[in-house]
Structures are given as C-alpha cells and as structure tokens.
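Each remark here refers to the structure printed beneath this line.
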Amino acid sequence: MSKQRNITIATDYERQAREPGINYSGIFAGNTARNNNITSFHVYKQLKPLLKVLKAYDYLRLKLERNGGSLSDIQRINNLLNRNIILDKNTAIKLTEPDSAAVTIRNFCNSNIYFQVRKKAENGMPLYYICRTMIDYFDTYSLVVEDYYISESYPIEDSRFVSLMHLGSETTFLRLSQFRKPLQAKNKCLKDNETDQVLYSVGLNVLQGAWHDDQKLGLRVSEEFNLVYFRDAIELLYLCLSRELSALRNAISPDLVNFFSTIYPQNSIYQLLCSLPNISGKVLDDLPDCALTAYIDLSKAFRTFLTTEVPWGNSKVNFPLYKIVMGNFYRLSMVSAQMNLSEEMQAASEQLEEQSAGTINTILTALQAAS
C-alpha cells in the first residue's frame with residue numbers, strides 16, 4: 001500500500017476533455033478518423049484468419065503438453081507457426097515474426113490493438129494475447145477494454161492488470177476487458193462505443209485510484225483466505241487517498257454506480273458513490289485525512305496478521321504466516337486450504353476482518369453523518 005496521498009490536480013484542458021459527452025476514445029486513445037466507429041464484429045472479422053490459426057495452434061499445443069505426441073504433431077505446430085496468414089489481399093503476417101505482425105495488425109485493424117507474445121516458462125512455447133486499449137495520457141494506467149484472443153496459460157498473475165509492450169517498454173495496463181461481456185449481458189442495448197465509455201468512466205474515476213499494483217500481496221492474501229472486508233477496505237482507502245473526490249462526485253452517473261452494484265460488486269465503493277452527491281466540500285476535504293489515519297491502522301493490523309504463527313507442514317511446527325505466504329506466493333491456493341483449518345489462522349483472519357469492517361464503517365459513517 002502506498003503511504004502517500006497521490007491526488008492529481010487536473011489541468012483546464014484535462015477537465016474539459018473529461019466532461020460528459022466527449023468521445024474519450026478519440027481524445028485519449030489517439031484514434032484516427034477511420035478507427036473511431038470500429039465495432040467488435042468488424043475487428044473479429046478482420047482478425048478471423050489469424051484467430052483460426054491461433055486456435056488450431058493452441059489446440060495442438062495443449063494436446064502435446066497434456067498427452068504427449070509424435071514428431072508429426074510437432075511438425076504440424078511448426079507449420080502453423082510458419083504459415084503465411086492472409087488478412088486480406090495486400091496484408092499477410094507470420095507468427096514467427098511477432099514484431100512485424102504486431103505492427104501490421106495495428107495498421108490493418110486499429111492503432112489501439114496490441115498483439116502480444118510470451119514464452120511459457122515450462123517449455124518455451126509461445127502464448128498469445130490480442131486486445132484493444134484506450135490510452136490515458138493523464139493518469140497512472142491506460143486501459144485494456146476488449147480481449148480478442150488469449151491463449152490458455154498466458155501469464156496474467158493479477159487479473160486486474162496486464163503488461164503490454166508499449167512504446168518499446170513493458171507497461172502496466174488496467175485490464176477492464178474482463179468486465180466487457182458481463183456489462184453487455186446486463187445491458188443488451190449497449191453499443192460497442194457506449195461500452196467503451198462506461199469502462200473508461202469506471203477506470204478513470206474509480207479504479208485508477210482503487211487499484212494499484214503495490215496491492216498485490218494484500219489482495220492475493222485476501223483472495224486465498226477469504227478476507228472480503230479486507231479487500232474492500234484496501235480499495236476504498238486507496239480511492240479516498242488517490243483521487244480528487246470532488247471530481248469523482250461530479251462524474252457520478254447511474255452507469256458508474258450500478259457497475260459497483262452488479263458488475264463488480266464492491267459494497268463500500270457503491271455506498272461511497274451513493275453518498276458523495278450529498279456531501280459538502282469541507283467534508284470531502286477532510287475525508288482523505290480520515291482515510292490516511294484508517295490506512296495506518298489497517299496497515300498495522302495487516303502486519304500483525306502476517307506475523308501470526310501458524311502450524312505448518314507434517315510436523316506442525318509453528319511458522320510466521322509471512323514466511324509461508326512469501327515462500328508459496330505463486331502456489332498459495334495449494335496451501336491456503338490446509339492453513340485455514342488451524343485455530344490460529346481462523347482467529348487471525350477474524351481479527352483482520354473485524355478491523356477491516358471497522359475501517360469501512362469509519363469512512364462511510366463520516367459521509368453519512370454529513371449527508
């Protein structure tokens with residue numbers, strides 16, 4: 001968790017650009033005129049020859065990894081990787097030339113489409129990810145708003161974030177594409193550009209503040225040990241400390257509020273958004289100080305939680321929890337079930353959840369008392 005309040009003061013241009021009714025995809029994503037009205041159907045149609053090859057490759061790769069195979073299977077994979085994939089009569093790519101393919105795809109389809117390749121750690125075989133982004137030049141993270149293809153086992157450690165090669169370096173993006181299908185399923189009238197607008201508003205106004213990559217330890221622990229209030233408290237405190245709350249109040253819309261009720265259920269943020277329209281400027285000014293105090297207290301509670309000694313291994317020798325967590329971070333789901341059974345772990349979890357619920361209550365009570 002960051003210990004500094006990171007409140008960005010918007011410039012006049014930034015405020016104007018973020019007013020309702022502005023086409024964010026044109027301003028922030030650097031779209032050309034021919035890309036502004038592009039639809040998901042159109043992109044899928046353009047990428048169809050590539051997607052067909054990727055699906056065939058991943059089918060053979062998974063079959064080889066799980067069941068083994070023969071020399072002919074390896075030859076079929078090699079043929080797919082070296083195939084000349086015809087996107088149209090003037091455009092072709094090869095999977096063996098990923099850098100060239102990435103440039104060609106962006107020029108052919110949309111300047112905000114990213115074609116990413118990673119090697120699987122166990123065997124070095126390529127894994128693929130194709131997505132569309134919206135670039136935000138004013139904030140910490142840009143956004144991934146749509147996934148077109150993702151190989152099974154593609155390395156995404158934290159579903160909230162994904163690293164993309166951007167301007168020659170690895171850059172972290174907020175991965176809001178995971179909410180696209182649920183959002184469109186909930187509101188079948190949403191067009192593609194309207195879905196982009198909702199996701200951009202959620203990212204810009206809330207998740208840019210509520211999510212940060214230095215939360216990885218806390219949120220991984222909350223997920224594996226079912227610490228629901230702790231996760232909600234982390235996101236609420238980060239939002240209060242890192243966003244300009246008066247700007248958030250002005251940006252509140254039914255779509256934004258409903259998102260945190262139905263698409264990404266987060267009750268504390270939902271309550272915050274519902275309360276903000278009735279809050280005075282003075283209360284909003286004081287809220288970050290209240291959140292900072294609560295953050296310090298919650299950090300101490302989390303430190304106490306991590307230093308709890310719990311029985312570990314066949315011999316049931318007591319170890320500090322942080323040693324077990326850090327030593328098994330990437331396979332924590334395999335060991336958390338065993339740890340959750342111990343009385344020490346249950347008591348520590350209950351104590352942290354109680355502190356987290358109190359933190360949320362402190363923030364929301366301050367708002368409700370002023371409304």
Legend entry - Verdict with reasoning, Tyr200 to Asp196, per side chain to side chain contact (heavy atoms under 4.5 Å, CB included): CA-CA 6 Å; Tyr200 191 85; Asp196 288 348; 6.0 Å; no
Legend entry - Trp211 and Phe179 aromatic ring geometry - parallel, tilted or perpendicular at 30°/60° bounds: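 The arrangement is tilted - the two ring planes meet at 30° to 60°.
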Inset, instruction - Classify the angle between the aromatic ring planes of Tyr141 and Phe161 as parallel (below 30°), tilted (30 to 60°) or perpendicular (above 60°). - result: tilted
Inset, instruction - Using the ring of Tyr114 (Phe, Tyr or Trp, six-membered ring only), decide whether Arg106 places NZ or CZ under 6.0 Å from its centre and within 45 degrees of its axis. - result: yes
Inset, instruction - Compute both the distance and the angle, then confirm whether Arg118 meets the cation-pi test with Tyr129: under 6.0 Å from the six-membered ring centre, within 45 degrees of the axis. - result: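 Cation-pi check for Arg118 and Tyr129: fails.
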Legend entry - Pairwise side-chain contact, Leu50 with Ile105, heavy-atom cut-off 4.5 Å (strictly under): yes
Inset, instruction - Apply the test side chain to side chain contact (heavy atoms under 4.5 Å, CB included) to residues Leu236 and Cys240: give CA-CA distance (whole Å), side-chain angles for both, the deciding distance (0.1 Å), then the verdict. - result: CA-CA 6 Å; Leu236 178 64; Cys240 291; 4.2 Å; yes
Legend entry - Partner of Glu152 under salt bridge (Lys or Arg N to Asp or Glu O under 4.0 Å), chosen from Arg61, Arg66, Lys120: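 Running salt bridge (Lys or Arg N to Asp or Glu O under 4.0 Å) over Arg61, Arg66, Lys120 with Glu152 returns exactly one hit, Arg66.
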Quick check: [Y] with [X] (ring centres under 6.0 Å apart)?
X	Y	result
Tyr44	Tyr148	yes
Phe230	Phe302	yes
Tyr128	Tyr57	yes

Inset, instruction - List the steps and the verdict of side chain to side chain contact (heavy atoms under 4.5 Å, CB included) for Gln351 and Glu354. - result: CA-CA 5 Å; Gln351 186 175 355; Glu354 183 178 345; 5.7 Å; no
Inset, instruction - Tell me, please, which residues at least two apart from Tyr270 pass ring-ring contact (aromatic ring centres under 6.0 Å, His included). - result: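 Tyr270 satisfies ring-ring contact (aromatic ring centres under 6.0 Å, His included) with no other residue.
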Inset, instruction - State whether a side-chain donor-acceptor pair under 3.5 Å links Asp88 with Thr91. - result: yes
Legend entry - Distance-only side-chain donor-acceptor flag, Tyr238 / Gln208, under 3.5 Å: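 No.
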Inset, instruction - Go through the steps for Leu174 and Val144 under the test side chain to side chain contact (heavy atoms under 4.5 Å, CB included), then give the verdict. - result: CA-CA 6 Å; Leu174 288 185; Val144 173; over 6 Å; no
Legend entry - Shortest non-hydrogen separation from Arg231 to Ser222 and the atoms involved: CB-OG, 3.7 Å
